[in-house]
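Predicted model, so just to flag it, every value in this text is computed and none were measured. Residues take their numbers from the sequence shown, with the count starting at 1.
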Amino acid sequence: MDPVTLTSERLLLRPVGPHDTDAVYDACQDPDIQRWIPIPSPYLREHAAGFTEQIVPDGWADSSMFTFGVFLPAAGELVGTVGLTMRSLGVGEIGFWATKQYRGNGYITEAVVATSRWAFTDRAVDRVEWRAEVGNTGSRTVAERAGFAVEGVLRSGINNKGVRRDCWVGSLLPSDLGLPSTAPYLPAPQRT
């Protein structure tokens with residue numbers, strides 16, 4: 001698939017490329033990003049180059065992963081990234097990080113909603129999943145503010161730097177954003 005650009009009220013979302021390598025490298029020096037996001041640590045410039053020059057373009061080319069850099073349009077500064085990895089038919093998993101200086105402004109929440117809306121309307125996705133290591137309250141706050149329903153804890157649900165860790169899992173459905181699904185949804189009956 002050809003890469004796309006999205007806009008929201010305050011943001012420009014576009015795929016990161018080679019010209020963004022330095023910004024990605026600089027952002028990923030943050031110990032919090034290295035702690036919570038499964039990226040190499042220490043994070044070298046060659047890791048950033050591999051991300052911007054190979055991982056991101058390859059994901060778009062084979063429609064397996066759609067990664068957006070989140071930018072402030074006026075200044076062109078990198079605020080973070082949001083990626084949607086296709087897990088199965090109609091299901092994508094969202095992941096994100098924010099640069100330290102732009103946390104707490106609602107930018108990543110806004111970008112997560114814009115990316116999810118695009119997935120529901122343009123990619124025939126009917127469920128966006130979110131996972132984060134238990135304790136990553138920043139990620140959980142973004143997910144909840146974006147409308148995700150936290151569904152529980154998966155024991156040993158993620159691998160971060162070779163260590164299995166428990167993770168929270170949540171989901172966002174098209175109906176959560178007032179959108180129709182591409183497939184019918186039959187929720188489980190309520191127990192009485």
Are W36 and V82 joined in one hydrophobic group, where the rule is that I, L, V, M, F, W and Y side chains link up if heavy atoms are under 4.5 Å apart? no

Find out if a path of hydrophobic residues (ILVMFWY) with successive side-chain heavy-atom gaps under 4.5 Å connects M86 to L13. yes

Among residues two or more places apart or on two chains, list those pairs meeting salt bridge (Lys or Arg N to Asp or Glu O under 4.0 Å) that have a residue in [range].
| range | answer |
| --- | --- |
| residues 99-123 | R10-E110, D30-R103, D32-R103 |
| residues 47-73 | none |
| residues 146-155 | R127-E151 |

So, using ring pair (Phe, Tyr, Trp, His ring centres under 6.0 Å) as the criterion, who are the partners of F66 when residues are at least two apart? W60, W118

Kindly write out the residues that satisfy ring pair (Phe, Tyr, Trp, His ring centres under 6.0 Å) with Y43, not counting sequence neighbours, or none if the list is empty. H47

Under the side-chain contact (heavy atoms from CB on, under 4.5 Å) rule, collect the residues that match up with [X], sequence neighbours excluded.
| X | value |
| --- | --- |
| S156 | R164 |
| D26 | none |
| E144 | R140, V150 |

[X] side-chain N/O to [Y] backbone N/O, donor-acceptor pair under 3.5 Å:
| X | Y | value |
| --- | --- | --- |
| K161 | S41 | no |
| D20 | A23 | no |
| Q34 | C28 | yes |

Taking every non-hydrogen atom, the tightest pair across M1 and S63: CB-OG, 3.3 Å

Pair up each side-chain donor or acceptor in residues 177-188 with any protein partner under 3.5 Å, not counting sequence neighbours, and list the distances.
from	atom 1	to	atom 2	distance (Å)
T182	OG1	D126	OD1	3.1
T182	OG1	D126	OD2	2.6

Partner residues of S116 under the side-chain hydrogen bond (donor to acceptor under 3.5 Å, both in side chains) criterion, sequence neighbours left out: none

Contacts satisfying side chain to side chain donor-acceptor pair (under 3.5 Å) that involve residues 67-77 (not counting sequence neighbours) are E77-Y102

Kindly list each side-chain donor-acceptor pair under 3.5 angstrom involving residues 87-98, sequence neighbours excluded, with atom names and distances?
from	atom 1	to	atom 2	distance (Å)
R87	NE	E93	OE1	3.0
R87	NH2	E93	OE1	3.4
W97	NE1	T81	OG1	3.0

When you compare the side chains of S139 and W168, does any donor N or O come within less than 3.5 Å of an acceptor on the partner? no

Step by step, would you call W130 with V112 a side-chain contact (heavy atoms from CB on, under 4.5 Å)? CA-CA 10 Å; W130 158 85; V112 165; over 6 Å; no

